[in-house]
Amino acid sequence: MKLILLGPPGAGKGTQCKRIIDKYNLAHLSSGDILRAERAAGSELGKKAQRYMDSGALVPDDLIIDMMIAAIKKAPKAGYVLDGFPRTVVQAEGLDKALTAAGEEIDAIVELQVPDSAILSRMTGRRSCPVCGQVYHIVNLKPKKDGQCDKGCGALVQRKDDTPDVVDNRLKTYHAQTAAVVGYYKTKFPILAINADQEIDKVTTDVFEGLAKLAR
Ligand code: AP5
Ligand code: MG
């Protein structure tokens, strides 16, 4: 199965992806997580991406398309969930081209819908594991032990781009450049629109039920 998970910053893409990949045994290909790993490793790509990520702007399309196509080529046969990619129509076209060349196709798009007003408290309360990528929240999804990953990886961190100013820019960037990607896919693949302004477990139930219906 090959899925694309779309939605604004803080929609719960990372949170729901972890549950989808566990259920369907898929790879989680998150452009944001890959970029953060490149930055942590001090690679050329990581250095180039830094200033865009810290301000809430998008990293240039050519860098992202090359990075994500390389990740897709390494993904297992069972499939993957793309999280945070494609984020522009140019990226969507780049993905289409690469998949067509490989004789492959996306099975479905999952769109997590959340109003902007719900986003800020999600972002400022988010804590993430820098080792396994598991996402927590200080109120909505607490780790078992304060500040520590449940999987025993160690201390949780707060993302640099989760400050109110940068979140505001990320939302503006989303509406200006990413929202159009849903329209681009509307005539191509089934789109599962999910109300993600509900409790995390309810969102997961709706995603699983929607995917099961599509498979029938
Ligand atoms: P990226 O890492 O992709 O960030 P994002 O899209 O802004 O999304 P987030 O990861 O912030 O949110 P999420 O939807 O995953 O939510 P989460 O599950 O964590 O990108 C970062 C940067 O990298 C970009 O700004 C850009 O610079 C660059 N970049 C990445 N991809 C790119 C691309 N394709 N092109 C160009 N540049 C790119 O949840 C958030 C919090 O809310 C958590 O604490 C969680 O516990 C909580 N939560 C989740 N669901 C719920 C719920 N239903 N109710 C209450 N709380 C919830
Ligand atoms: Mg994420």
Side-chain angles (χ1 to χ4, degrees), residues 4-20 28-39 45-46 48-69 71-72 81-92 94-95 110-130 133-143 150 156-163 165-179 181 194-207:
I4 297 177
L5 205 53
L6 295 175
K13 300 184 294 295
T15 304
Q16 298 302 330
C17 265
K18 293 278 178 222
R19 296 170 177 209
I20 297 170
H28 179 190
L29 305 183
S30 156
S31 48
D33 286 352
I34 297 174
L35 286 169
R36 281 182 285 279
E38 293 284 343
R39 284 182 66 168
L45 173 59
K48 281 182 191 160
Q50 190 162 331
R51 69 186 166 98
Y52 300 101
M53 296 175 78
D54 287 348
S55 68
L58 293 184
V59 176
D61 286 330
D62 53 340
L63 297 179
I64 294 289
I65 293 170
D66 289 351
M67 177 185 94
M68 292 308 289
I69 301 303
I72 286 171
V81 190
L82 295 175
D83 163 3
F85 172 82
R87 231 172 170 103
T88 63
V89 170
V90 172
Q91 291 179 20
L95 174 64
V110 179
E111 185 202 2
L112 299 180
Q113 300 178 330
V114 191
D116 286 5
S117 56
I119 300 293
L120 185 62
S121 63
R122 290 192 185 188
M123 304 307 239
T124 48
R126 170 167 52 191
R127 300 292 181 270
S128 318
C129 175
Q134 191 67 41
V135 182
Y136 302 87
H137 190 278
I138 53 171
V139 178
N140 306 336
L141 194 65
K142 292 181 183 178
D150 289 353
L156 301 177
V157 296
Q158 200 169 1
R159 265 172 52 177
K160 264 188 161 181
D161 57 349
D162 278 349
T163 58
D165 281 358
V166 181
V167 170
D168 192 46
N169 277 341
R170 286 161 61 198
L171 278 171
K172 284 184 182 140
T173 303
Y174 176 81
H175 291 297
Q177 299 183 62
T178 306
V181 174
I194 300 287
N195 174 12
D197 190 17
Q198 312 181 82
E199 283 193 3
I200 295 175
D201 289 346
K202 174 71 173 99
V203 177
T204 307
T205 304
D206 287 358
V207 171

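One-based numbering, in listed order, for ligands and for the atoms of each. In this text the structure is predicted, and so the values were computed from the model without any measurement.
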Find the distance between [atom1] ([X]) and [atom2] ([Y]) and round it off to the nearest 0.5 Å.
{"X": "Ile200", "Y": "Thr205", "atom1": "CD1", "atom2": "OG1", "answer": "12.0 Å"}
{"X": "Gln91", "Y": "Leu63", "atom1": "CD", "atom2": "CG", "answer": "10.0 Å"}
{"X": "Ile72", "Y": "Leu95", "atom1": "CD1", "atom2": "CG", "answer": "5.0 Å"}
{"X": "Thr178", "Y": "Leu171", "atom1": "OG1", "atom2": "CG", "answer": "10.5 Å"}
{"X": "Arg127", "Y": "Gln158", "atom1": "CZ", "atom2": "CD", "answer": "4.0 Å"}
{"X": "Leu29", "Y": "Ile34", "atom1": "CG", "atom2": "CD1", "answer": "6.0 Å"}

If you measure every N or O of [X] against every N or O of ligand 1, does any of those distances drop under 3.5 Å?
{"X": "Gly10", "answer": "yes"}
{"X": "Gly14", "answer": "yes"}
{"X": "Gly12", "answer": "yes"}
{"X": "Pro9", "answer": "no"}
{"X": "Val135", "answer": "no"}
{"X": "Ala57", "answer": "yes"}

Per-residue contact class, [X] against ligand 1 - non-hydrogen pairs under 4.0 Å:
{"X": "Asp161", "answer": "side chain"}
{"X": "Leu35", "answer": "side chain"}
{"X": "Ile64", "answer": "side chain"}
{"X": "Cys17", "answer": "neither"}
{"X": "Met68", "answer": "neither"}
{"X": "Met123", "answer": "side chain"}
{"X": "Tyr136", "answer": "backbone"}
{"X": "Arg170", "answer": "side chain"}
{"X": "Asn140", "answer": "side chain"}

Under the 3.5 angstrom rule, does the side chain of [X] hit a backbone N or O of [Y] as a donor-acceptor pair?
{"X": "His28", "Y": "Ile20", "value": "no"}
{"X": "Lys13", "Y": "Gly84", "value": "no"}
{"X": "Thr173", "Y": "Ala57", "value": "no"}
{"X": "Asp206", "Y": "Ile194", "value": "no"}
{"X": "Gln16", "Y": "Gly12", "value": "no"}
{"X": "Arg170", "Y": "Asp161", "value": "yes"}

So is [X] close enough to ligand 1, meaning a heavy atom under 4.0 angstrom away?
{"X": "Arg159", "value": "yes"}
{"X": "Ala196", "value": "yes"}
{"X": "Arg36", "value": "yes"}

What is the nearest protein non-hydrogen atom to [atom], stated with its residue, atom name and distance?
{"atom": "atom 54 (N) of ligand 1", "result": "Arg122 NH2, 3.4 Å"}
{"atom": "atom 9 (P) of ligand 1", "result": "Arg126 NH1, 3.3 Å"}
{"atom": "atom 46 (O) of ligand 1", "result": "His137 CB, 3.4 Å"}
{"atom": "atom 37 (N) of ligand 1", "result": "Val59 N, 3.0 Å"}
{"atom": "atom 23 (O) of ligand 1", "result": "Met53 CE, 3.6 Å"}
{"atom": "atom 6 (O) of ligand 1", "result": "Arg87 NH2, 2.6 Å"}

Give the numbers and elements of all ligand 1 atoms closer than 4.0 Å to a heavy atom of [X].
{"X": "Gln91", "value": "33 (C), 34 (N), 35 (N), 36 (C)"}
{"X": "Ser31", "value": "30 (C), 31 (N), 32 (C), 34 (N)"}
{"X": "Thr15", "value": "17 (P), 18 (O), 39 (O), 45 (C), 49 (C)"}

Self-check item: Test item: Lys160 and Val166 side chains (from C-beta on) under 4.5 Å apart, heavy atoms
Solution: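 No, side chains not in contact.
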
Quiz item: Side-chain contact, heavy-atom cut-off 4.5 Å: Ile4 with Pro86?
Solution: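 A side-chain contact under 4.5 Å exists here.
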
Quiz item: Yes or no on side chain to side chain contact (heavy atoms under 4.5 Å, CB included) for Arg87 and Ile64, after CA distance, side-chain angles and deciding distance?
Solution: CA-CA 9 Å; Arg87 231 172 170 103; Ile64 294 289; over 6 Å; no

Exercise. Determine, step by step, whether Asp33 and Arg36 satisfy the salt bridge (charged side-chain N to carboxylate O under 4.0 Å, His left out) criterion, reporting the C-alpha distance in whole Å, the side-chain angles of both residues, the deciding distance to 0.1 Å, and the verdict.
Key: CA-CA 5 Å; Asp33 286 352; Arg36 281 182 285 279; 2.9 Å; yes

